[in-house]
Amino acid sequence: TDLQLAADFEPATYEAWLALVAKVLKGSDFEARLVSSTLDGIRIAPLYTRADALPGAECAKPGEAPYTRGSKAAGEAAGWDIRQLHLAIDPKEANAAILEDLRGGATTIALQVPAGDLDAALDGVQLDACPVALMAGERTPEAAAELEALWDERGIADDARHGHFNADPLGTLAQSGQLTQPLDQNIERAVSLAIKAERWPGVTALLADGNPYNAAGASEAQELAAMLSTLVAYLRACEGAGLPPERSLPKIAVALGVDDNQFLSTAKLRAARRLIWRVAEACGAGSATAGVHTTAVSAWRMMARRDPWTNIMRTTIACAAAAFGGAQSILLLPFTFALGKTDSFARRVTRNIQIVLQEESSLGRVADPAGGSWYVEKLTDDLARKAWELFQNIESKGGIAAALTSGALQDEIAAVAERRNKAIATGRVEVTGVSAFPLLGDDGVKAEPWPQAMPLRPDPAVKIKPLRQSRLAEPFEQLRDAADADAAVKGRRARVFVAALGTPADHGTRSTWVRNFLASGGIEALIGEDFTNSGDAGAAFADSGARVACIASSDAVYAELAEATAQALKSAGASHVFLAGQPGDQEAALKAAGVDAFWFAGQDRIAALRELHHLLEIAPSGA
């Protein structure tokens, strides 16, 4: 007989679970405590059940429309291309690094070198085995001609040529805000590459890239919508030149950013294929969706300059998300990328992240591993629907070019970026090593600065408001830079004396919070621990040499000692006294005793730290 382990138990129901949750919440609001939402307003529930399953999702197969589950059918080659990034001024330097990376396991090269240097940079590279993805901006047609000449010179047959020209004039315009030639002319040149590339099955010509929008702070749906509108613009341009969608789609690659939000990144890639299929299907070319090459790039905006070792964890999560999402190529930024030029070690770490996940963890051997998860399926569906709505909004403005020219899209993305930055500033979203658990002082990582970017032309043919691109860690890094410069001039780091009252059990949580809060602004915390009377706290402050003090302990200890301690600190010479935590009913009494302000979780830490920098006479970064 069959053994049924759950036969003696009542069936588990969502209602029964809700009843148990209600007991734990003790009257608290369920939505406020347990439900969150993305920047697109997509609801993230604490539990998903079979009722959240999408109709037909259980029957969907990889390699079949609508391609949510992947472009590859079951049994096709597993894994992804390990793409390594090379940005170099010296072609010989680039060549040595490329050969080293290929020997170390990279399978594709993303390359940016000066005009005329492609041959030297790719010397010794087997171009019939190593696809090259060009990064040449508005100069892409010239770079593509160089690569074609190399293929010819080395006798590589048409069907053995592999690579990506990555012509994306719309993305270049969005990122830089200008073009040296009219946009229509740029798109016409890009389309001519697609027509030429038809004789090379392994080569894509155009790129619909979401990464410029991602770097500017776009939400997942905004990035998808911008990518899709760019794709549609290129499809229209190709069709106008006589290249119908069923032939032009395989010549347009897609790139999207992935970050350390694993589920959203995975859902974004799955939603992207569904959206592309919907456009292709409307064009009568639905099956051509399978030929659209997708590259996932670890998001530049999540990279930190301070304690950059944490970037290794971020890019590892991003890589896993990209693999789960079915990316065909994955490009990870080296962990020192935000600092400057990447060396051999940083590139090796980046390669090995992908190799470990692909070979040892077997992430590439399962088709759509997230498929069937009620959460991921619902998230994918919600994200696709929101992105389609935003895509329609862009198209209603006249398409991506018109939306960029008017500045409307830039403003919408900037508003979302500001909301994300506010969440980081208030601690609702934490950046490890930057706003949370920062390492004060030298982290031991150095990098040669990137070469100065070429100045933009003063008289471009097209000029718009560029996307404002910034990393999430930048506001805190600016504070740290200012504090470091101040320490270099004064010979000592700015410091705040922390009067930790009571036992470690009393003050531990708040004194640790204050230490991290101060360190995130580059300021040292001088912790005076276990004071049981205000006099000792005042004497310790006087001996510390600090000018500013903070009181840290529990609410119970505050009721007993905070007022007297504030008075003692002011009497000992403290110019300003802060208290860690919300004051509640004690606020008036504490202020009367000498507390100037309060530091607490949920406040704007950037604003609070800037005010503290002013009090400590730390000049702003770059001043």
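We number each residue from 1, following the sequence as shown. These numbers were taken from a predicted model, which means no experiment stands behind them.
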Please tell me whether Y234 and D168 have a donor and an acceptor in their side chains that are separated by less than 3.5 angstrom.
yes
Minimum heavy-atom separation for V376 to F263, with atom names?
CG2-CD2, 3.9 Å
Whether the side chain of K251 engages the backbone of A197 through a donor-acceptor N/O pair (distance < 3.5 Å, no angle test) should be reported.
yes
Checking salt bridge (charged side-chain N to carboxylate O under 4.0 Å, His left out) for the pair R69/E64: CA distance, chi angles, key distance, verdict?
CA-CA 8 Å; R69 303 206 63 195; E64 295 182 5; over 6 Å; no
Steps toward side-chain contact (heavy atoms from CB on, under 4.5 Å) verdict (V431, R314):
CA-CA 10 Å; V431 181; R314 295 186 182 99; 3.4 Å; yes
Name of the residue among V297, I82, T295 meeting side chain to side chain contact (heavy atoms under 4.5 Å, CB included) with S329
T295
Between R420 (side chain) and L39 (backbone), is there a donor-acceptor pair under 3.5 Å?
no
Candidate pair D40 and V416, rule side-chain contact (heavy atoms from CB on, under 4.5 Å), full reasoning:
CA-CA 9 Å; D40 289 307; V416 170; 6.0 Å; no
Report yes or no: does D81 contribute a side-chain atom to a donor-acceptor pair with the main-chain N or O of T107 at less than 3.5 Å?
no
Check: A327 main-chain N/O paired with T294 side-chain donor or acceptor under 3.5 Å:
no
For E395 and S229, which heavy atoms make the closest approach, and how far apart are they?
OE2-OG, 2.6 Å
Sole residue of T380, L383, D259 in side chain to side chain contact (heavy atoms under 4.5 Å, CB included) with K268:
L383
Apply the test side-chain contact (heavy atoms from CB on, under 4.5 Å) to residues C130 and I98: give CA-CA distance (whole Å), side-chain angles for both, the deciding distance (0.1 Å), then the verdict.
CA-CA 11 Å; C130 174; I98 288 170; 6.0 Å; no
Between T342 (side chain only) and A346 (backbone N and O only), is there a donor and an acceptor less than 3.5 Å apart?
no
Heavy-atom closest pair (L193 atom, A167 atom, distance to 0.1 Å) is CD1-CB, 4.1 Å
Test salt bridge (charged side-chain N to carboxylate O under 4.0 Å, His left out) on E377 and R274; report intermediate values, then the result.
CA-CA 12 Å; E377 295 286 9; R274 175 171 152 185; over 6 Å; no
